[in-house]
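All remarks here apply to the structure that follows.
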Amino acid sequence: MGSAGTSGDQKINVYIWDMDETLILLKSLINGTYAEAFNGVKNVQNGVEMGKMWENHILQICDDYFFYEQIENCNQPYLDVMREYDDGLNLSGYDFHHDGFGPPFDDVNKRKLAYRHRVIAQKYKKGLHNIIDQDMVKSWEILYDSTDRYTDRWLSSARGCLEHCAAGNTDLIPPIDSTHRSNCARTGCDHVNVLVTSGSLIPSLAKCLLFRLDGLIACENVYSSWEVGKLQCFSWIRERFSRPNVQFCVVGDGWEECEAAEAMRWPFVKVDPWSTSYHRFPGLTLKDLNLYQSVVYGNPEGENEE
């Protein structure tokens, strides 16, 4: 794999994250396994209720703002996959409820799906505070804070780790269908966060908004492996960020991302939500990730990254 360049070259670190049971906790709240691991210290039912409330919020965002009832059966691996069908039509007065979108999935309906993807991306970039009403904002903020306390700051700690990884990445989000080209004049190391989730795309974007990850993971950097598998997503990411000085690191809790990372010869950091695990939140840091990278890429200076 690529090695570090000369001191004047720009080095790119691409951190590829799983979502569920890695950046967020949801399934383990709903089925009670997270609380049960603490041997009675945590109230299982409280976690179950929080998880169900999160599910309701996710579905509400999907249905009310992301056309989910219309496009649930049209899951795609990323938003820009339909870009070639988008003719750039001004959608300010477009009637999404009566445009005849539906089977068959021909070029006409692919264009209509591309319109929906474009609007979803625009809403994602605006942020949740700008698309939901104040009552829902208040309910969401209370739920986030209570869940963060219940999970011993898992959510805020994961977000803090992403913040370190995202430092300086504003010029480093190339289009999905292009090779990575940075015009950044800075030297040193830049970081890009990419999400590869086994969940379907639209609910995953809603989760990013609700769990406050949208400012740290661009909507263009969210991939769903639901239909294609994680190895295919990783291959796309490698092509997208292809350049001499790029380094990758995969972080997740499951076997699929582990096997895909091994196939790509990328370092893999396994996250485990159990309280006795070392790689969990709070605890996992950018320094830990760079240590794993240094083993694969032979990059001692990475050990000094904070």
Side-chain angles (χ1 to χ4, degrees), residues 17-64 66 68 72 128 132 135-163 193 195-214 216-217 222 224-226 230 250-259 268-285 288-289:
W17 301 85
D18 178 49
M19 175 174 274
D20 292 294
E21 309 309 309
T22 299
L23 290 175
I24 71 171
L25 299 176
L26 184 58
K27 182 179 179 180
S28 62
L29 294 179
I30 294 171
N31 63 25
T33 56
Y34 174 79
E36 289 168 358
F38 288 83
N39 298 317
V41 174
K42 294 185 181 292
N43 185 297
V44 175
Q45 189 57 35
N46 286 350
V48 172
E49 291 174 359
M50 289 178 190
K52 290 180 178 179
M53 291 175 68
W54 279 116
E55 278 194 323
N56 291 335
H57 279 310
I58 293 164
L59 289 174
Q60 185 175 355
I61 296 297
C62 288
D63 290 341
D64 293 354
F66 285 175
Y68 195 52
E72 182 177 2
L128 203 55
I132 64 176
D135 288 339
M136 188 174 179
V137 167
K138 184 176 181 180
S139 174
W140 160 52
E141 290 178 340
I142 291 173
L143 179 59
Y144 185 96
D145 291 341
S146 61
T147 307
D148 201 36
R149 289 193 299 271
Y150 181 81
T151 59
D152 302 321
R153 296 176 42 253
W154 186 287
L155 303 183
S156 58
S157 296
R159 190 177 186 279
C161 188
L162 280 178
E163 286 177 343
N193 289 315
L195 184 72
V196 180
T197 173
S198 57
S200 56
L201 181 63
I202 303 307
S204 298
L205 291 164
K207 288 179 184 179
C208 285
L209 287 168
L210 286 162
F211 287 93
R212 303 179 182 176
L213 306 177
D214 51 304
L216 302 167
I217 302 175
V222 178
S224 167
S225 65
W226 180 278
K230 294 206 170 181
V250 180
V251 189
D253 73 303
W255 63 267
E256 188 183 5
E257 55 262 30
C258 177
E259 290 187 351
F268 174 72
V269 182
K270 181 174 175 56
V271 172
D272 191 332
W274 310 135
S275 58
T276 56
S277 174
Y278 178 71
H279 293 316
R280 67 190 306 275
F281 295 109
L284 188 65
T285 67
D288 297 322
L289 304 186

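The first residue of the sequence shown is numbered 1, and numbering continues consecutively from there. Computed from heavy atoms alone, side chains included, the values below leave out hydrogens, waters and symmetry copies.
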How long is the straight-line distance from [atom2] of [Y] back to [atom1] of [X], given to the nearest 0.5 Å?
X: Leu216; Y: Leu23; atom1: CG; atom2: CG; value: 9.5 Å
X: Lys27; Y: Asp253; atom1: NZ; atom2: CG; value: 9.0 Å
X: Leu284; Y: Lys270; atom1: CG; atom2: NZ; value: 13.0 Å
X: Cys62; Y: Leu205; atom1: SG; atom2: CG; value: 8.5 Å
X: Met50; Y: Ser146; atom1: CE; atom2: OG; value: 4.5 Å
X: Lys207; Y: Thr197; atom1: NZ; atom2: OG1; value: 5.5 Å

Which heavy atom of [X] sits nearest a heavy atom of [Y], and at what distance?
X: Glu21; Y: Leu26; result: OE2-N, 3.2 Å
X: Leu162; Y: Leu213; result: CD1-CD2, 3.6 Å
X: Gly252; Y: Phe268; result: O-CZ, 3.5 Å
X: Arg280; Y: Val271; result: CA-CG1, 4.3 Å
X: Pro203; Y: Ile58; result: O-CG2, 4.1 Å
X: Phe211; Y: Tyr144; result: O-CE1, 3.8 Å

**Message:** With salt bridge (Lys or Arg N to Asp or Glu O under 4.0 Å) as the rule and sequence neighbours excluded, what pairs involving residues 144-161 come up?
**Reply:** Lys42-Asp152, Arg159-Glu163

**Donor-acceptor side-chain pairing of Trp226 and Ser198 below 3.5 angstrom** = no

**Asked** Counting only N and O atoms by type, is there a donor-acceptor contact under 3.5 Å from the side chain of Ser200 to the main-chain atoms of Ile202?
**Response** no

**Prompt:** Hey, is the main chain of Thr33 close enough, under 3.5 Å, to the side chain of Ser28 for a donor-acceptor pair?
**Reply:** no

**Message:** What verdict does the side-chain contact (heavy atoms from CB on, under 4.5 Å) test give for Met136 and Ile61, after you've listed the backbone C-alpha separation in whole Å, the side-chain angles of each residue and the deciding distance to 0.1 Å?
**Reply:** CA-CA 10 Å; Met136 188 174 179; Ile61 296 297; 3.6 Å; yes

**Request:** Would you please test Val222 and Cys208 for side-chain contact (heavy atoms from CB on, under 4.5 Å) and show each step?
**Result:** CA-CA 9 Å; Val222 178; Cys208 285; 4.3 Å; yes

**Asked** Can you check whether Ile142 reaches Lys138 side chain to side chain, under 4.5 Å on heavy atoms?
**Response** yes

**Message:** I want to check something: taking the side chain as every heavy atom from C-beta on, are Ile30 and Glu55 in contact at a cut-off of under 4.5 Å?
**Reply:** yes

**Derivation of the side-chain contact (heavy atoms from CB on, under 4.5 Å) call for Glu141 and Val137** = CA-CA 6 Å; Glu141 290 178 340; Val137 167; 3.7 Å; yes

**Request:** Using side-chain contact (heavy atoms from CB on, under 4.5 Å) as the criterion, point out the one residue from Val196, Val251, Val250 that pairs with Glu257.
**Result:** Val250

**Residues which pass ring pair (Phe, Tyr, Trp, His ring centres under 6.0 Å) with Phe66, listed by chain and number, not counting sequence neighbours** = none

**Asked** How far apart are the C-alpha atoms of Asp288 and Val269, what are their side-chain angles, what is the distance that settles it, and do they pass the side-chain contact (heavy atoms from CB on, under 4.5 Å) test?
**Response** CA-CA 9 Å; Asp288 297 322; Val269 182; over 6 Å; no

**Prompt:** Which class fits the ring pair Tyr150 and Tyr34: parallel under 30°, tilted 30 to 60°, perpendicular over 60°?
**Reply:** tilted

**Fill in**
Sorted by chain and residue number, the side chain to side chain donor-acceptor pair (under 3.5 Å) partners of Ser225 (sequence neighbours excluded) come out as none

